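Take a look at the structure set out below.
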2 protein chains.
Amino acid sequence: MRRLASHLPRLAGAGLSCRNRELGGDVAMMTSALVRKLLNFTPLSQGDRDALQKIGDERVRRFPAHTDVIQEGEATRNMFLVLSGWACRYKQLENGRRQIVAFFLPGDLCDLDVLILRKMDHSIGTLTPVTMAELSQAALDELLLGYPRVALGLRWESLVNIAIQREWTVNLGQRNAYERIAHLLCELVFRLRSIGLVHEDRCEFPLTQIELADVMGMSAVHVNRTLQELRGAGLIILRDRMLTVPRLPDLMAASMFNPAYLHLDREGHERGVSE
Amino acid sequence: MRRLASHLPRLAGAGLSCRNRELGGDVAMMTSALVRKLLNFTPLSQGDRDALQKIGDERVRRFPAHTDVIQEGEATRNMFLVLSGWACRYKQLENGRRQIVAFFLPGDLCDLDVLILRKMDHSIGTLTPVTMAELSQAALDELLLGYPRVALGLRWESLVNIAIQREWTVNLGQRNAYERIAHLLCELVFRLRSIGLVHEDRCEFPLTQIELADVMGMSAVHVNRTLQELRGAGLIILRDRMLTVPRLPDLMAASMFNPAYLHLDREGHERGVSE
DNA sequence: CGATCTGTTGAAACAATTCAAATCTGGTGG
DNA sequence: CCACCAGATTTGAATTGTTTCAACAGATCG
């Protein structure tokens, strides 16, 4: 038995719908998180990039921090793409404990074909304020059919997400608290770096220790003590919602982190596309 | 830190290739595990069923128990379909510990488009003697394009597998040993039942306690003691590789098992197909 | 300014691992 | 058929890792 999940997010009253232009330049920048990520896997022509940019234009919604985008048991809805902010998938147990099972970072998409399932078997909630683009099935089909390289890239993206889910299983099953947190931090640094959100060795890190506890399957108290150990070992600096990893190779070694599962290495996919 | 994984399977010298007829009638029966499973989601015409049956005919391979079908780091190969026996995905850590991250039961397929990734980020190994059909990309494409209902069913299958992976994350993160094992047993009973491998309240259960430990992320000793608790509570009878669950509802309650994530409920998908 | 989170600390209780040894099992060869 | 072996299961005792509970300090926010 473990502690109860602490803050149960309230349901998003209504993520205010609004069009892209109202949001100012940052959305254009944000959509490119997806472009940047896909470029880790495949080259993209300007046409490909424009098409990706365009889907971030359609129906943009904003959600405050700590609200549900969709809840377990609801009918599945449209796909969406995170433009900015952090969100997560999570599941709540009858006894109140909750487990965060995945993060959505900028450039992340929900499953391409959730609509095949009728009901959500988990909830999706924000961790920070989030903007996301909602994609109709039609818009998505158009993209997948008209831009084969993009379609390939998005399927790659799905496979990587599945690989991440497997790795979380390994992480929870086989690593102790210290290795476990170190491993998660490595993964986040790699993922944030692939979308250009790491500068030098620093990135924003908005998670509270309580949320971290819900990810790591441990108590918040133990998260606290473990973070102190990591700080004591000089592996991380974590203050004011900013994470610094001064020696990533050491953090990787400490957590037996092997980035292969992120499939971020591009060699072998060249076909000289960039028109 | 935990105990080392015990038996590291040797690599399959060569899964002997042979054609279906050589295997006798049981393969025909086995392919229908997939048909049976898909019927939980969508009706299938006789043509659909024949097409599915045919893919189990092409290249059938047999593997002894405890051998690797493919190892982490190898180039990805063809898709395959399990015809009989139990296999698993697993990952080995540098320190020797291993985590089983998924089971392959009869009727289970590996990811439809692993080929997009270049290298395996995990290994696949058998737990019992296994027969599987290897599918070329061409054969698969033909199936997906020629039989839309089958294509839909297979995409449903993938989504369910992803949902299972999420549920394993929850299981490892939030449930204690007793609930955790109980939950896994519930899942296996549901999955085996969906392919017709549960009779009354009994099914074959070939896992050793050591393998169970590699699934549950706990020591074999603790698995042993926890199984005894479950037996003591009258929730399971486990002997001679046979599992009996006399009161499934009680086992479900004990593990907070909610089968929704298996998406086995068919209502809402009727279209009266069966010609 | 109080109210409410988040982070931190200590001590006691509990869950799970480790190590070691004993028993049981199925399969093998003599 | 029995003896033997390797692997799987079971048991006990000591140790470690993690949780729980409770209290307090620091932020943050109306």
Side-chain angles (χ1 to χ4, degrees), chain A residues 1-10 64-67 93 95-99 127-129 171-182 205-232 236-243, chain B residues 1-10 64-66 95-99 127-129 171-182 205-232 236-243:
Chain A
M1 296 286 175
R2 303 238 180 77
R3 82 267 95 81
L4 297 189
S6 16
H7 82 320
L8 307 187
R10 49 226 97 99
H66 310 299
T67 51
L93 265 55
N95 62 8
R97 278 141 56 185
R98 85 159 178 169
Q99 174 73 35
L127 296 165
T128 69
N171 207 18
L172 289 171
Q174 299 300 332
R175 278 182 265 256
N176 62 25
Y178 185 85
E179 299 163 336
R180 193 134 100 217
I181 294 190
F205 192 86
L207 301 180
T208 67
Q209 295 183 357
I210 296 163
E211 287 159 341
L212 221 28
D214 286 345
V215 176
M216 305 276 52
M218 49 201 256
S219 70
V221 170
H222 199 43
V223 166
N224 181 288
R225 296 199 239 257
T226 308
L227 285 175
Q228 290 179 55
E229 277 189 77
L230 285 163
R231 281 193 268 249
I236 63 168
I237 301 157
L238 182 52
R239 281 180 35 222
D240 305 329
R241 315 276 110 131
M242 288 290 297
L243 171 67
Chain B
M1 296 283 174
R2 306 240 180 74
R3 84 267 94 83
L4 296 189
S6 16
H7 82 320
L8 307 188
R10 50 226 97 101
H66 310 298
N95 62 8
R97 277 140 57 185
R98 85 158 179 171
Q99 173 73 37
L127 296 165
T128 68
N171 206 17
L172 289 171
Q174 299 300 333
R175 277 181 265 254
N176 63 24
Y178 186 86
E179 300 163 335
R180 194 134 99 219
I181 294 189
F205 191 85
L207 301 180
T208 66
Q209 294 182 0
I210 295 164
E211 288 160 339
L212 221 29
D214 286 345
V215 176
M216 305 275 56
M218 48 200 258
S219 70
V221 170
H222 198 43
V223 166
N224 181 285
R225 297 198 237 257
T226 308
L227 285 175
Q228 289 179 55
E229 275 187 78
L230 285 164
R231 283 192 267 248
I236 62 169
I237 301 157
L238 182 52
R239 281 181 35 221
D240 305 329
R241 314 277 108 132
M242 288 291 297
L243 171 68

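The model shown is predicted, which means the values in this text are computed figures rather than measured ones. Here is how names work: the chains are called A, B, and so on, in the same order as the sequence lines, proteins then strands, and each is numbered from 1.
Residues satisfying the ring pair (Phe, Tyr, Trp, His ring centres under 6.0 Å) test with Phe205(A), not counting sequence neighbours, are Trp86(A). Judged as a side chain to side chain donor-acceptor pair (under 3.5 Å), and not counting sequence neighbours, the contacts of Gln228(A) are Asn224(A).
Distance from the side chain of His222(A) is smallest to dT19(D) among dA16(C), dT6(C), dT19(D). Among dT18(D), dA16(C), dA8(D), the nucleotide with an atom closest to any side-chain atom of Met218(B) is dA16(C).
Rounded to a whole Å, the CZ atom of Arg239(B) is 16 Å from the C1' atom of dA8(D). The CD atom of Glu229(B) sits 14 Å away from the P atom of dT10(D) (whole-angstrom rounding). Regarding Met216(A), its CE atom lies at a distance of 16 Å from the C1' atom of dG17(D), rounded to whole Å. Distance Glu211(B) CD to dT9(D) C1': 14 Å, rounded to the nearest Å. Rounded to an integer number of Å, the gap from Leu238(B) CG to dT9(D) C1' is 11 Å. Here the P atom of nucleotide dT4(C) and the NE2 atom of His66(A) are 17 Å apart, to the nearest Å. Between Arg175(A) atom CZ and dT18(D) atom P there is a gap of 14 Å when expressed in whole angstrom units. When rounded to the nearest whole Å, the span between OH of Tyr178(B) and P of dA15(C) equals 13 Å.
Checking side-chain atoms of Asn176(B) against main-chain N and O of Tyr178(B) turns up a donor-acceptor pair under 3.5 Å. Judged by distance alone, the side chain of Gln99(B) and the main-chain N or O of Asn171(A) form no donor-acceptor pair under 3.5 Å. Without hydrogens or angle criteria, Arg98(A) side chain to Asp214(A) main chain gives no donor-acceptor distance under 3.5 Å. Within the 3.5 Å criterion, the main-chain N or O of Met216(A) finds a donor-acceptor partner in the side chain of Arg180(A).
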>> I'd like to know whether Arg231(A) forms a side chain to side chain contact (heavy atoms under 4.5 Å, CB included) with Ile237(A), so could you lay out the CA-CA distance, the side-chain angles of the two residues, the decisive distance to 0.1 Å, and finally the verdict.
In response: CA-CA 6 Å; Arg231(A) 281 193 268 249; Ile237(A) 301 157; over 6 Å; no
So which protein nitrogen or oxygen atoms get under 3.5 Å of nucleotides 8-14 of chain C's nitrogens or oxygens?
{"unit_1": "dT8(C)", "atom_1": "OP2", "unit_2": "Gln209(A)", "atom_2": "NE2", "d": "2.7"}
{"unit_1": "dT8(C)", "atom_1": "OP2", "unit_2": "Asn224(A)", "atom_2": "ND2", "d": "2.8"}
{"unit_1": "dT8(C)", "atom_1": "OP2", "unit_2": "Arg231(A)", "atom_2": "NH2", "d": "3.3"}
{"unit_1": "dT8(C)", "atom_1": "O5'", "unit_2": "Asn224(A)", "atom_2": "ND2", "d": "3.3"}
{"unit_1": "dT9(C)", "atom_1": "OP2", "unit_2": "Gln228(A)", "atom_2": "OE1", "d": "2.5"}
{"unit_1": "dT9(C)", "atom_1": "OP2", "unit_2": "Gln228(A)", "atom_2": "NE2", "d": "2.9"}
{"unit_1": "dG10(C)", "atom_1": "N7", "unit_2": "Arg225(A)", "atom_2": "NH1", "d": "3.2"}
{"unit_1": "dA11(C)", "atom_1": "N6", "unit_2": "Arg225(A)", "atom_2": "NH2", "d": "3.1"}

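Within the 4.0 angstrom heavy-atom criterion, only backbone atoms of the sugar-phosphate kind lie near Arg241(A); the bases stay farther away.
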